[in-house]
Every structure is written in C-alpha cells, then in structure tokens.
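Accompanying notes for the structure given below.
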Amino acid sequence: MTFCRDEHVWIPESDLEGMSVDTLAVRAGQIRTGQLEHSDAIFPTSSFVYGSAAQAAARFGGEEPGNIYSRFTNPTVQAFEARIAAMEGGEKAVATSSGMAAILSTCMALLKSGDHVVCSRGVFGTTNVLFQRYMAKFGVETSFVSLTDQAQWEREIRPETRMLFIETPSNPLCEVADMAALAALAHANDALFVVDNCFCTPVLQRPLEHGADIIIHSATKYLDGQGRCVGGVVVGPANLMDEVYGFLRSAGPTMSPFNAWVFLKGLETLPIRMRAHCDNALELAQWLEAQPAVAEVFYAGLESHPQHALAREQQSGFGGVLSFRVKGGREEAWAFIDATRMISITANLGDVKTTITHPATTTHGRLSPEDKAQAGITENLVRISVGIEAVEDLKIDLQRGFSALEK
C-alpha cells in the first residue's frame, strides 16, 4: 500500500517493524476510517452491507476479503487482534468472549477424541475443571503434573499426547516454568506447547521466543487493566489460528466490538502499568516476608523464590500478583482479609486497584480437596493482585489485617 497521510486508513505493518512493545501497544493494528480519526474507531454493528449480490456471495464464499457478520468479522475486534499479535510477536490472533473461551476454542479446534493433554497443576481453578470435567466428555484425557518438575512431564508423555498446557508464573503460587525445556519436550513428541501469559503479558514475557506454539490471554485481566470488560485472545501461527478462527465462526464465543475497543485502550497504557505493578509488588513482597504472622511469601521477584534466577532469564519483570500463607488456617486468612478496608475483596486480578482473595474458597474453590492439596492451595493462603496505589498506603491497609491476627 502506498503511504499518504491524507488517504491512508491503517498504518502499514512494515512501518512498525522492529519497534518496541511500548510502541506497538499504542500504534499496532489501528484501522482508520475515511474520517481519519486519531483514536481507534468502534464498530457496534451486527452485520455489514455489500455493493451487490455478487459481492455478498464472494464474501461468504471466502473469495473476497471483507466483513460479513460481527460474530467472526468486526473491524474493532480485528484491530485488537492485530495489536496483541504484534506485541506477542505472533502471526495472528483470535479474540474470544472470555479467557476461558480462548482456552476452550483452542482445545476444540486443535484436539480430538483420543488425544491426551499434560497440564500443570498450578493453573486457574476453572482451567483445571475445563480439562478434567468437560474436555473429558469429548474423549480428551488430561494428566496434571508439577509445573517445575521436568521428570514428571517426561513420565506423563504418551504417543497420543498432543498438547502441553501451562501458566507461568502460576496462579496463585507464582511458580515459574522452564519454557524452553517444555517446548523441546513437546516438539520432540509432536505436541503443541501452549502458554497462558496472563500474569506477565507481552510487556514482561514473550513465550513464543522461548518455544511456545500458542499463547492464551484472559484480556479481562492486565490487558484491560481496569476491571471493565471480559474477554480473551489466542495468539500463534496463522495455520493454527485459522483452525481456532473456524471454531469461533461456527460456535460463536465472540468478543464484542465494545469490549475490543476497551481492550485497545487498555493496551495503550499496558507497558507503564505493568512496570508500576511490578515495583509495588516487589516492595510489598519484601515487606510481607518480614512480618511475624506470615509463614511464607510466593513471588518470583524475591531471591528466596526457588525459580528466581529462571524468572530473571525469561521475564523482564516479575508481575503484580503475589500470595502468602498466614500462620493458622482459614479462620486466620479470612480474618486478615476482612480487616482490610481499602483493598478490594474480589477474585479478579490485573486491575489498577489492589485486590485480595482466598483462593481455596474462590478461584480454586471447585477443586476437590485432593486437587487443592496437590496444587498447594491451602486454607491459610491469601492472594493479592497488587495495583498501582501508593505502596505505603497498601502497607497501612494490610497492617489492619495483621493487627486483627494479633487480637
């Protein structure tokens, strides 16, 4: 396309080649209309019109590119897909209605009955339920292993294994996987390596550069950053994303244009937000380590973390989520949480507002007691998604929790 400031409707990808994630977060994927608006446009329409019956037939038949129906073609959604794909260094992205829809779409598109998945235990509780309860109904069996024990991964590989699935850092214990080692294991066994990059985002970690085939995001979290909308996205090579897109077109777990527009606005500030989250979380984790009522703190930025060195190699920052065990059990954990006044008691994470939750009864509450125990989800575990408030104010609020424990 010939560049002309008076007429161009999008920024050619070649003009952004080699630019940093910070720049891509603001500029990549923007589509301008004939009005030449500076902000991203929003297209809240269910359908699109054609110049002729022949053009409609060509669009529906795949002979001519263009918009058809917002279940699977919408310019605002496509702009979001293009931007996150550029930020992750992927060929293509497919946006979905939620993070769980992104995982489901990936599995339904790329797995079949008789296939086997190896998944880390340290995943979001509903991800565990999706594999264990629902994918099993379609004949897909899943084995769960320790994220950090390479020998367990190797033992569980079978001839029918077609996918290795992880979150790194994990939710909520912040364990860190050796992505290069798991990628090599997957590819040696003709399996896909799928990484949920929700905690780090492409600002802090780019799994494709470490051998991942596919990246999953819950856009609800840091990509939005202000807890406004629910959405998800899958990023990877075009041939695999075409399969995921085909499932989305038929099954319809679609991202709305409005949500896509909100996520586009969120991406613009993602780099500066992630750095603020990291700074606050590290200081708070160090402070929590020094508290007498805390038995253990889980945060990869701490030198005491068993995968601290690995995290430094794979990540440019340690993220905004940490967890810790208070001395005691559920009663003490709940008392601590209930004593806070400013911090929000909610299970969502990735918000500019700090949130606090009790994983054993919220995010991982649907797991069996055995699965909780294997995943390290104890009754005295508290998870904090650290926001961007003044960190000294966060300490004041958390001190209320420690004061409640003293009583």
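Both backbone and side-chain heavy atoms feed into the values below; hydrogens, waters and symmetry mates do not.
Residues Cys229 and Thr220 form no side-chain contact, since every pair of their non-hydrogen atoms from C-beta on lies 4.5 Å or further apart. Gln132 has its side chain within reach of Asp371: a pair of non-hydrogen atoms, C-beta onward, lies under 4.5 Å apart. Taking the side chain as every heavy atom from C-beta outward, Met108 and Glu243 never approach each other to under 4.5 Å. Contact check for Leu111 versus Phe138: no side-chain heavy atoms found under the 4.5 Å cut-off. Between Leu270 and Met87, some side-chain heavy-atom pair lies under the 4.5 Å cut-off. At a threshold of 4.5 Å between non-hydrogen side-chain atoms, the residues His210 and Asp178 do not count as touching. Side chains of Leu394 and Glu283 form no contact here, defined as non-hydrogen atoms less than 4.5 Å apart. The shortest distance between side-chain heavy atoms of Leu349 and Arg383 falls below 4.5 Å.
His358 places a side-chain N or O within 3.5 Å of a backbone atom of Glu379 that can act as its donor or acceptor partner. A side-chain donor-acceptor contact under 3.5 Å links Ser70 to the backbone of Thr45. For Gln307 (side chain) and Glu175 (main-chain N/O), no donor-acceptor pair under 3.5 Å exists by modelled atom type. With His305 contributing its side chain and Cys174 its backbone, the two residues share a donor-acceptor pair below 3.5 Å. Put simply, the side chain of Asn189 never gets that close to the backbone of Pro159: no donor and acceptor are under 3.5 Å apart. Side-chain N or O atoms of Trp153 include one that pairs as donor or acceptor with a backbone N or O of Leu147 at under 3.5 Å. Side chain of Thr161 to main chain of Ile157: no donor-acceptor pair is present (N/O by atom type, distance under 3.5 Å, no hydrogens or angles).
The two residues Ser39 and Lys265 have their closest heavy-atom pair at OG-NZ, 3.2 Å.
Among residues at least two apart or in separate chains, ring pair (Phe, Tyr, Trp, His ring centres under 6.0 Å) pairs with a member in residues 309-330 are His308-Phe318, Phe324-Phe336. Residues in residues 90-104 take part in these side-chain hydrogen bond (donor to acceptor under 3.5 Å, both in side chains) pairs, two or more places apart or across chains: Lys92-Asp242. Sorted by first and then second residue, the ring pair (Phe, Tyr, Trp, His ring centres under 6.0 Å) pairs involving residues 70-96 (not counting sequence neighbours) are Phe80-Phe263.
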- Message: Pair Asp22, Arg275 - check salt bridge (charged side-chain N to carboxylate O under 4.0 Å, His left out), show working.
- Response: CA-CA 11 Å; Asp22 293 45; Arg275 292 175 191 123; 2.9 Å; yes

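No side-chain donor-acceptor contact under 3.5 Å links His364 and Asn128.
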